Chemist: 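Handing you a structure now.
Counting begins at 1 with the first residue of the sequence. None of the values given here were measured: they were computed from a predicted structure.
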Amino acid sequence: MTLLGMPAVAHAAPAGFGAGGKVRTDFAGYADVINALVVRPGGFVAAGAAGLPDYSTDFGLARYDSRGNLLARVTTDFFGHTDRANALVAQPDGKLVAAGEAFRTAGENPDFALARYTADGTLDAGFGTGGKATADLGGHDIASALVRQPDGRLLVAGSTLDLDNGAPSVAVARFNADGTLDTTFGDGGKVVTEFAGGAQAVSAVLQPDGKLVVAGDASETGFDFWLARFGTDGTLDTSFGGDGQVTTDFGDTIDRALDVTIQSDGKLVAVGETSTMETADFALARYHTDGTLDTGFGAGGRVVTDIVGGSDQARTAIVRGNRLVVGGSATGNGTSFDFALAVYRPDGSLDTTLGDGGKTTTDFDGSVDEVHDLAIRSDGTLLAGGVAYGPSQEITETDFAVARYRP
């Protein structure tokens, strides 16, 4: 782990957030990207990947005050090769847990990887081995989602790929609060589930009853939205969709779910993209708790939104009161992507009282800007975090990017 400056007191800052509502953070001049945001007292923490000179990455975390001033940067290396944090959760005691993947050997398969940090950003020696824990799920393992159970145990969801087979399987692991695998879950704390044609989980949400819903895409039907639900013991819950899974087709398109969230009434909303060879749009689907589409949302449970007339992708969603905020990226010319947000009413229609007819885009003066996660502060302002290309416009020189929006 590397600490890159950690002042005890935030510097004074003018009113507002960053420069014109935007903040960029460069770790060392290479490829940095935010994949997760967590609001903390007095500010927020972003987690993702911090680029290195050899073009590999480490877990990268940055802490900011409420006005976007950078307070600290932390990087964590696991085995001397590429590591990336894809998810972040906060514990009630102020500690943070990040999850992603870590390569033990260059060019070989990565494993699920977790790191826990104390409130000051140092690794928590009481978690795993020196603050870090890993799990081998048997293939090329990518941990994409992390949820914390009320009892403190951690569920990590993602995919594992047998490179000889070529079809991904859904992988879930459960860790005890001390970073050891929970052997009461699945096979020694791990569950690998194969679905016909292959499926991969890129997001997960925990229901109040303790069941885990994962979302992603399934290739058996030509790439559709795909959701599956697991019971508390790691077995598929066949009361969901009849066999534990549901797929949703948006037409003669390639459809990918990239996030799933849960409403206060228990309904599930998956967001992602529906695309052809020429265009892509925001795509949303809402489900009842049994996995059936909620026909009171959009057209038959589905909503498609064109943001700027080109290629749009929804990557994350958050419930805010009785509104759903969706973030991602949008381009009108096919080359220059901006942060993109859309706000929806309960029936799936755009809330035209906000933004430009319910939609807004933000340019960080780079060729590619993408929202990867959203968070809501106690004052109602919305944080959007992701990636922005640097001045060189090279993919090897990207920055943490955060924008704040008024209620």
Chemist: Taking the ring of Phe27 and the ring of Phe400, is the distance between their centroids below 6.0 Å?
Modeler: yes
Chemist: Let me see the working for Thr274 and Asp255 under side-chain hydrogen bond (donor to acceptor under 3.5 Å, both in side chains), right down to the final yes or no.
Modeler: CA-CA 4 Å; Thr274 179; Asp255 311 319; 2.7 Å; yes
Chemist: Return yes if some donor-acceptor pair links the side-chain N/O of Asp259 with the main-chain N/O of Ala317 below 3.5 Å, else return no.
Modeler: yes
Chemist: Think Lys132 forms a cation-pi with Phe78, using NZ or CZ under 6.0 Å from the six-ring centre and within 45 degrees of its axis?
Modeler: yes
Chemist: Pair Val192, Val170 - check side chain to side chain contact (heavy atoms under 4.5 Å, CB included), show working.
Modeler: CA-CA 6 Å; Val192 175; Val170 174; over 6 Å; no
Chemist: Is Arg256 reaching over with its side chain to a backbone N or O of Trp226, donor-acceptor style, under 3.5 angstrom?
Modeler: no
Chemist: Could you verify whether a donor N or O on one side chain and an acceptor N or O on the other, from Gln207 and Arg229, lie under 3.5 Å apart?
Modeler: yes
Chemist: Can you tell me how far the CD1 atom of Ile34 sits from the CZ atom of Arg24, to the nearest 0.5 Å?
Modeler: 11.0 Å
Chemist: Which distance, rounded to the nearest 0.5 Å, do you find between the OG1 of Thr305 and the CG of Asp281?
Modeler: 7.5 Å
Chemist: What is the distance from atom NE2 of His140 to atom CG of Asp162, rounded to the nearest 0.5 Å?
Modeler: 12.0 Å
Chemist: Take Thr381 and Tyr405 through the test side chain to side chain contact (heavy atoms under 4.5 Å, CB included) and record every step on the way to the result.
Modeler: CA-CA 6 Å; Thr381 55; Tyr405 301 87; over 6 Å; no
Chemist: Strictly below 4.0 Å, N to O, side chains only: are Arg323 and Asp351 in salt-bridge contact?
Modeler: yes
Chemist: Could you state the interatomic distance from OG (Ser144) to CG (Leu258), rounded to the nearest 0.5 Å?
Modeler: 10.0 Å
Chemist: Would you say the rings of Phe79 and Phe103 are close, in the sense that their centroids are separated by under 6.0 Å?
Modeler: no
Chemist: Please say whether more than 12 non-hydrogen atoms of neighbouring residues, nucleotides or ligands are located less than 6.0 Å from CG in Asp347.
Modeler: yes
Chemist: Would you kindly say whether Tyr55 and Thr82 are connected by a side-chain donor-acceptor distance under 3.5 Å?
Modeler: no
Chemist: Measuring from Ser203:OG to Arg315:CZ, what's the distance to the nearest 0.5 Å?
Modeler: 12.5 Å
Chemist: Do Arg377 and Asp379 sit within salt-bridge range, that is, some charged N less than 4.0 Å from a carboxylate O?
Modeler: yes
Chemist: Name all residues meeting the side chain to side chain donor-acceptor pair (under 3.5 Å) criterion together with Ser159; count only those two or more places apart in sequence or in a different chain, and write none if there are none.
Modeler: none
Chemist: Using a strict cut-off of less than 4.0 Å between a Lys/Arg side-chain nitrogen and an Asp/Glu carboxylate oxygen, indicate whether Arg67 and Asp65 qualify as a salt bridge.
Modeler: no
Chemist: Go through the side-chain N and O atoms of Asp338 and Thr361 and say whether any donor and acceptor fall under 3.5 Å apart.
Modeler: no
Chemist: Roughly how far, to the nearest 0.5 Å, is the CZ atom of Phe59 from the CG atom of Leu88?
Modeler: 10.0 Å
Chemist: Kindly indicate, with the supporting measurements, whether the criterion side-chain hydrogen bond (donor to acceptor under 3.5 Å, both in side chains) is fulfilled by Thr180 and Asn176.
Modeler: CA-CA 5 Å; Thr180 59; Asn176 295 310; 3.0 Å; yes
Chemist: Answer yes or no: is there a donor N or O on one side and an acceptor on the other, between the side chain of Ser275 and the main chain of Thr279, under 3.5 Å?
Modeler: no
Chemist: Against the six-membered ring of Tyr117, is Lys95 placed for a cation-pi contact (under 6.0 Å from the centre, within 45° of the normal)?
Modeler: no
Chemist: Please assess Phe337 against Tyr389 for the test side chain to side chain contact (heavy atoms under 4.5 Å, CB included), listing each intermediate value before the final yes or no.
Modeler: CA-CA 10 Å; Phe337 289 80; Tyr389 274 45; over 6 Å; no
Chemist: Quick one: does any side-chain atom of Lys359 pair with a main-chain N or O of Thr352 as donor and acceptor, under 3.5 Å?
Modeler: no
Chemist: On a heavy-atom basis, which atom in Ala115 and which in Leu123 lie closest, and how many Å separate them?
Modeler: CB-CD2, 4.0 Å
Chemist: When you look at Asp243 and Leu236, which way does the side chain to side chain contact (heavy atoms under 4.5 Å, CB included) test go after all the steps?
Modeler: CA-CA 8 Å; Asp243 61 354; Leu236 276 174; over 6 Å; no
Chemist: Once ring pair (Phe, Tyr, Trp, His ring centres under 6.0 Å) is applied, do any residues pair with Phe44, and if so which ones, sequence neighbours excluded?
Modeler: Tyr64
Chemist: Tyr30 and Thr57: side-chain donor and acceptor closer than 3.5 Å?
Modeler: no
